[in-house]
2 protein chains.
Amino acid sequence: MPTRGQMARYKELRATLAREISAGRYKVGDRFPTDLELSARFRVSRHTVREAVRGLQELGLLSRQAGSGTVVRARSVEPLYTQRVDSLAELAEYAADTRLDRRQEGFVVVRQGLAELMGRPPGERWLRVAGIRRAVQGNFPLCWTEIFLAERYAGMRDRLDDGDVPIFNQVAREYGLDVTAVEQRISAIAMPPYLAEWLGAAPAEPALLVRRSYYSGAGAPFEVSLSVHPGDRYAYTARLTRDRKTENA
Amino acid sequence: MPTRGQMARYKELRATLAREISAGRYKVGDRFPTDLELSARFRVSRHTVREAVRGLQELGLLSRQAGSGTVVRARSVEPLYTQRVDSLAELAEYAADTRLDRRQEGFVVVRQGLAELMGRPPGERWLRVAGIRRAVQGNFPLCWTEIFLAERYAGMRDRLDDGDVPIFNQVAREYGLDVTAVEQRISAIAMPPYLAEWLGAAPAEPALLVRRSYYSGAGAPFEVSLSVHPGDRYAYTARLTRDRKTENA
DNA sequence: CGGCGGGCATTGTCCGGACATTTTGCGCTT
DNA sequence: AAGCGCAAAATGTCCGGACAATGCCCGCCG
């Protein structure tokens, strides 16, 4: 067959169907025509129809179910931005090259104030490990860190390594947990006086409080960490990129 | 053909090839066998090979190039976390329900200090619009915002709407820009005295400084915004989720 | 020696057909 | 009327083949 215009048939068909969905010919929730119907209507093989539909599926416009049929899921694709954090350790930014200088350790029952900081209800019991994170180079203090580990994983206590591997990672590995989500919260606070000295910072100077909650499956996080960074030594940076099969039009 | 074990051939093949890549039989950067070679080796049709390879491609293990061949791109899939920000306006959190109370406006040539805050070299000329962002409900001041617009797009100046739609969005729409990336930087500063009064905050109290740079294609951002949030009125929250086609094994 | 052009290898597109698998629902049986 | 089972419909998988489009390399020619 000679060159048609320029676009492949399945791309043309994909665009046509996307337009029809967008125009409202098929509404969200509606059944979408079957492969055979589209094949007949557009005079293309079922293979080509499937290729086109597959694309719309990946875009989230359609969903298919063997035996049941194809359903319209969305009217149009909204641009979607994602922050990619490969390996997750990147999130902690200074992952390697730092060391945890452990200062305090033990079980705590969290009360009102701390519970609020942790984003958990009061009364829960956690294993708390706190200390100063320092640069390996120069031993310079970077931040104060408090790590709260859910009681059932407290067995890790004596095997925690203060080196390169993040604590949550050690725990996840040891217990076979699958870290499915991490929530991060950043706020500004005044540097607490009792930390100022340790961090070599001025009391009450602006600081970043970073809370990270690590989830494995639904429900409560298995670890929560709180870090206080002096304002002049840290900034959190993220880059969001638009993320969609661009490909041809 | 009767039921083989249970898995579809292309899935079996996909798993086998993934294993071989992981085991190092094909190294990163190496040429991967041809469709025809695999077809012959595994006694399956080229269609089936392509289906399997397509999967490995989506996983990022392989990349193909018409005329050139298939190349190994990664040895294994590392878990990948993404923050999804649909519609991007979500990023600004209080997107709707707020209003910009414009206070200052005009061209500026940025000097050392401001340039550093903006993450740009000194000497550039930008259109600066600054003001207080308030909650529609109650007119309560939320933050001080400075928006810098690249000179080329300064024509928008008289058409800027202070309502729901973020400025960067208005500009992008007007000039047909494709916002491909947004970089966000969060740091802690002391509330500048001259802003404290306007925001109803205490001078020198901890505040969050949020910088967002909007990119359209490579090169310099077309807009940079700086916002100062009183520490007690704002926290930045993000949720990263693991994100991988689970499907069957 | 360098550039251009054509042939070859490789992936991309498309067809037609054949079963397999999954749902749904109708109709028969109890 | 309730339940079971099977047929029909829909998507999923797989084959074989054909040609198009794309890169790449090598050889010819200036």
Side-chain angles (χ1 to χ4, degrees), chain A residues 1-18 21 26 29-73 245-249, chain B residues 1-18 21 26 29-73 245-249:
Chain A
M1 188 120 356
T3 312
R4 296 164 313 287
Q6 50 176 346
M7 228 197 291
R9 287 195 188 175
Y10 76 93
K11 287 178 188 167
E12 211 161 347
L13 178 54
R14 193 212 303 164
T16 300
L17 294 175
I21 292 169
Y26 308 108
D30 277 6
R31 281 284 304 275
F32 198 70
T34 62
D35 291 0
L36 260 18
E37 288 167 2
L38 293 174
S39 173
R41 177 177 159 209
F42 292 100
R43 312 298 186 88
V44 297
S45 75
R46 186 173 159 232
H47 175 76
T48 301
V49 169
R50 288 175 61 76
E51 198 59 37
V53 169
R54 182 205 286 256
L56 299 176
Q57 216 178 332
E58 279 171 4
L59 288 175
L61 295 184
L62 298 176
S63 78
R64 319 190 98 207
Q65 175 63 244
S68 172
T70 306
V71 172
V72 180
R73 273 306 173 74
K245 332 280 179 217
T246 21
E247 215 178 338
N248 12 29
Chain B
M1 187 112 12
T3 312
R4 296 163 315 285
Q6 51 178 348
M7 226 197 291
R9 287 194 191 175
Y10 77 91
K11 287 179 188 168
E12 211 161 346
L13 178 54
R14 191 215 291 158
T16 300
L17 294 176
I21 292 169
Y26 308 108
D30 277 7
R31 282 283 305 272
F32 198 69
T34 292
D35 289 1
L36 259 19
E37 288 169 2
L38 292 174
S39 175
R41 174 176 160 207
F42 292 100
R43 312 297 187 89
V44 296
S45 75
R46 186 172 160 230
H47 176 76
T48 301
V49 169
R50 287 176 60 78
E51 197 61 35
V53 169
R54 184 206 287 256
L56 298 176
Q57 216 179 333
E58 280 171 4
L59 287 175
L61 295 184
L62 298 177
S63 79
R64 318 191 98 207
Q65 176 64 244
S68 170
T70 306
V71 171
V72 180
R73 273 305 174 76
K245 334 278 180 219
T246 22
E247 214 180 338
N248 13 30

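Numbers restart at 1 for each chain; the letters A, B, ... are given by sequence-line order, proteins then strands. Just so it is clear, the values below take in all heavy atoms, side chains as well, and ignore hydrogens, waters and symmetry mates.
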Ignoring the backbone of [X], work out which of [options] is nearest its side chain.
X       : options                : value
B/Ala8  : D/dC14, C/dT13, D/dT11 : D/dC14
A/Asp35 : C/dC15, D/dT11, C/dT11 : D/dT11
B/Ala66 : D/dT22, D/dC14, C/dC14 : D/dT22
B/His47 : D/dC14, C/dC15, C/dT11 : D/dC14

Presence of [X] side-chain N/O under 4.0 Å of [N] phosphate oxygens OP1/OP2:
X       : N      : result
B/Gln65 : D/dG23 : yes
A/Thr48 : C/dC15 : yes
A/Lys11 : C/dT13 : yes
A/Arg50 : D/dG12 : yes
A/Ser68 : C/dT23 : no
B/Thr70 : C/dT11 : yes

What is the distance, to the nearest angstrom, from the [atom1] atom on [X] to the [atom2] atom on [N]?
X       : N      : atom1 : atom2 : result
A/Arg54 : C/dC14 : CZ    : P     : 14 Å
B/Leu62 : C/dT10 : CG    : P     : 16 Å
A/Leu38 : D/dA10 : CG    : P     : 12 Å
A/Arg14 : C/dC14 : CZ    : P     : 11 Å
B/Met7  : C/dA20 : CE    : C1'   : 17 Å
B/Gln57 : C/dT11 : CD    : C1'   : 10 Å
B/Leu36 : D/dG16 : CG    : P     : 12 Å
B/Phe42 : D/dC15 : CZ    : P     : 13 Å

Do the non-hydrogen side-chain atoms of [X] and [Y] ever get within less than 4.5 Å of each other?
X       : Y       : result
B/Phe42 : B/Thr48 : no
B/Arg50 : B/Asp35 : yes
A/Leu62 : A/Val71 : no

First of A/Arg46 and A/Arg43 reached from the 5' end of DNA chain C, by closest nucleotide: A/Arg43
How would you label the contact of B/Glu51 with the nucleic acid (heavy atoms, under 4.0 Å): base, sugar-phosphate, or nothing? nothing
